[in-house]
Amino acid sequence: MKVLVVGSGGREHALCRALSRDPAVGALVCAPGNAGTAELAEPRPLRVEDPDAVASLAEAVHADLTIVGPEVPLVAGAGDELRARGLPVFGPSAAAARLEGSKAFAKEIMRAAGVPTADSRDHTEISSALADLDTFGPPYVVKYDGLAAGKGVTVTTDRDVAVEAVRASLRDTDDRVVLEEYLDGPEVSLFAIVTESGAVVPLSPAQDHKRVGDGDTGPNTGGMGAYTPLPWAPAGLVDEVVRTVIRPTVDEMARRGTPFTGLLYAGLALTSRGLRVVEFNVRFGDPEVQAILALLNSPLTAVLSGRVRPTWRSGAAITVVVAAPGYPTAPRLGGPIRGLTAAGALTGVDVLHAGTRRDESGQVVASGGRVLSVTAIGSNLESARGSAYEAVSRISLDGAHYRTDIGDPSRMPHAGTSRNR
């Protein structure tokens, strides 16, 4: 079959890598792609935010399956347009994608379905939001209601910072802000494939690292690294999440006439009061998916369709993100990247591109804030971690930075604090 992957980040490179290893896949197209995906898939220009353009490209390349990677086209209705033209797609409708497109809507669904989550209230007026701010904090948790590329959340003990976050979230008349109680406890990401028939197929749980600096310091980012499996996760966690979170949410969406199909991502906090949902996403999370797919032993297309249950390689996988100088506030782009071949030559290492392109001379240069996702597998987490950081050390990009504590066993969250993302 021919598969079209929509997107241009590390998630899409990971998907293309897994699909290239799938015997059912004969040809790959990635649109618009990046310098790394171009080595595995035919690149095509694409305005991913335009559902008509996405569906037209799928028709033009005769795609047997389209996998929509990012949230923007899903919220815009790419899944609807593809289905309207009779084209197979992995991804939810626009109505179902509101689970990520609106945090207030996701909270409404969770309340209706009885899903455990943080207490919250949403506001459209600055005055009422500020009057309500101290109901939940400090620490204060302020979330912009819409899409913000993983960076629309402020968690702070500084009230002035929280006030500014409220004001920033309500700049336009149709904006909404969500105020939320602070959650303690380590965080877990669990992805579940939801088939057209409504079956739920969970994947291996992972842990993301959102803050830009070591020790979970600095501002939120799109994600600076991840690892799987989680040696500290309680027994039965996946079954509990499916039973109390994923299944009730899928059932509630179906009850409303907007059935969910595709990938449902539950961001979770394991609090002192039990499991709580921090957020929903409606696509594979980046950088967790890089590590998860590195361990997948089953053909990806068969897993996405629900034809087979996923099986996993033994051992562990870790992803370390290399970011451009100045990321996440003001990334400086255009710098040449060297050492990619040397890094990728290490056993068990994949150097997955995110924000990259080739310049006029053919040199790979940085074109986005998160530049590369270096993913390694090993017999255990320590082995995988060693390979990943050895690969990172072979890569050169002036001013680039990365966290040095991804998967650090001394920081394993037997207890800790959640960032509410």
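Computed over heavy atoms, backbone and side chain alike; hydrogens, waters and symmetry mates excluded.
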Report the distance from atom [atom1] of [X] to atom [atom2] of [Y], rounding to the nearest 0.5 Å.
X      : Y      : atom1 : atom2 : answer
Arg121 : Phe136 : CZ    : CZ    : 4.5 Å
Thr249 : Leu264 : OG1   : CG    : 6.5 Å
Asp239 : Ile246 : CG    : CD1   : 12.5 Å
Leu57  : Arg47  : CG    : CZ    : 11.0 Å
Leu333 : Thr356 : CG    : OG1   : 11.5 Å
Ile395 : Leu340 : CD1   : CG    : 5.5 Å

Practice problem: Begin from the C-alpha positions of Val141 and Leu179 and carry the test side chain to side chain contact (heavy atoms under 4.5 Å, CB included) through to its verdict. | Solution: CA-CA 6 Å; Val141 180; Leu179 306 180; over 6 Å; no
Quiz prompt | Verdict with reasoning, Thr195 to Ser197, per side-chain hydrogen bond (donor to acceptor under 3.5 Å, both in side chains) | solution = CA-CA 5 Å; Thr195 69; Ser197 66; 2.9 Å; yes
Using a 4.5 Å cut-off on heavy atoms from C-beta on, say whether the side chain of [Y] contacts that of [X].
X      : Y      : answer
Val5   : Val29  : no
Pro336 : Val364 : no
Arg171 : Tyr144 : no
Met253 : Leu99  : yes
Val68  : Leu82  : yes
Glu59  : Arg85  : yes
Leu28  : Glu42  : no
Leu87  : Glu81  : no

Is there a donor-acceptor pair closer than 3.5 Å between any side-chain N or O of [X] and the backbone N or O of [Y]?
X      : Y      : answer
Thr329 : Gly326 : yes
Lys2   : Val61  : yes
Asp80  : Ala94  : yes
Arg283 : Pro70  : no
Thr228 : Ala291 : no
Arg370 : Ala354 : no
His353 : Asn34  : no
Lys107 : Ala118 : yes
Ser298 : Thr311 : yes
His123 : Val177 : no

Self-check item: From CA spacing to verdict: side chain to side chain contact (heavy atoms under 4.5 Å, CB included), Val115, Thr244
Solution: CA-CA 6 Å; Val115 170; Thr244 65; over 6 Å; no
Quiz item: Centre of Phe284's six-membered ring, under 6.0 Å away, within 45 degrees of the axis: is that where NZ or CZ of Arg11 sits?
Solution: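 Negative - Arg11 is either too far from the ring of Phe284 or too far off its axis.
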Between [Y] and [X], is there a salt bridge with N-O shorter than 4.0 Å?
X      : Y      : answer
Glu180 : Arg276 : no
Arg273 : Glu181 : yes
Asp408 : Arg411 : no
Glu100 : Arg98  : no
Arg247 : Asp251 : yes

What heavy-atom pair brings [X] and [Y] nearest, and what distance separates the two atoms?
X      : Y      : answer
Ser169 : Asp175 : O-CB, 3.1 Å
Phe191 : Glu288 : CZ-CB, 3.6 Å
Ala391 : Val374 : CB-CG1, 3.6 Å
Leu230 : Pro205 : CG-O, 3.9 Å
Ala76  : Glu49  : CB-O, 3.7 Å
Leu263 : Phe90  : N-CZ, 3.7 Å

Self-check item: Test side-chain hydrogen bond (donor to acceptor under 3.5 Å, both in side chains) applied to Thr217 and Arg403, step by step
Solution: CA-CA 10 Å; Thr217 58; Arg403 284 184 58 161; over 6 Å; no
Exercise. Among Thr124, Asp122, Asp145, find the one that has a side chain to side chain donor-acceptor pair (under 3.5 Å) with Arg176.
Key: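 By the side chain to side chain donor-acceptor pair (under 3.5 Å) criterion, Arg176 pairs with just one of Thr124, Asp122, Asp145: Asp122.
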Just wondering, are more than 12 heavy atoms of other shown residues or ligands nearer than 6.0 Å to [atom1] in [X]?
X      : atom1 : result
Arg358 : CZ    : yes
Glu382 : CD    : no
Asp52  : CG    : yes

Quiz item: Does the side-chain hydrogen bond (donor to acceptor under 3.5 Å, both in side chains) test come out yes or no for Ser189 and Asp208, once each step is laid out?
Solution: CA-CA 7 Å; Ser189 301; Asp208 183 15; 5.4 Å; no
Exercise. Give the C-alpha distance, both sets of side-chain angles, the deciding distance and a yes or no for side chain to side chain contact (heavy atoms under 4.5 Å, CB included) between Leu346 and Arg394.
Key: CA-CA 10 Å; Leu346 290 169; Arg394 298 185 180 192; 3.3 Å; yes
Self-check item: Under 3.5 Å side-chain donor-acceptor pair for Thr375 and Thr319
Solution: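 Yes - a donor-acceptor pair under 3.5 Å links their side chains.
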Practice problem: Would you sort out whether Ser120 and Arg111 count as a side chain to side chain contact (heavy atoms under 4.5 Å, CB included), showing the intermediate values? | Solution: CA-CA 11 Å; Ser120 67; Arg111 284 191 290 266; 3.8 Å; yes
Quiz item: Among Ile406, Ile318, Val321, which one satisfies side chain to side chain contact (heavy atoms under 4.5 Å, CB included) with Pro287?
Solution: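 That would be Val321; it is the only one of Ile406, Ile318, Val321 passing the side chain to side chain contact (heavy atoms under 4.5 Å, CB included) with Pro287.
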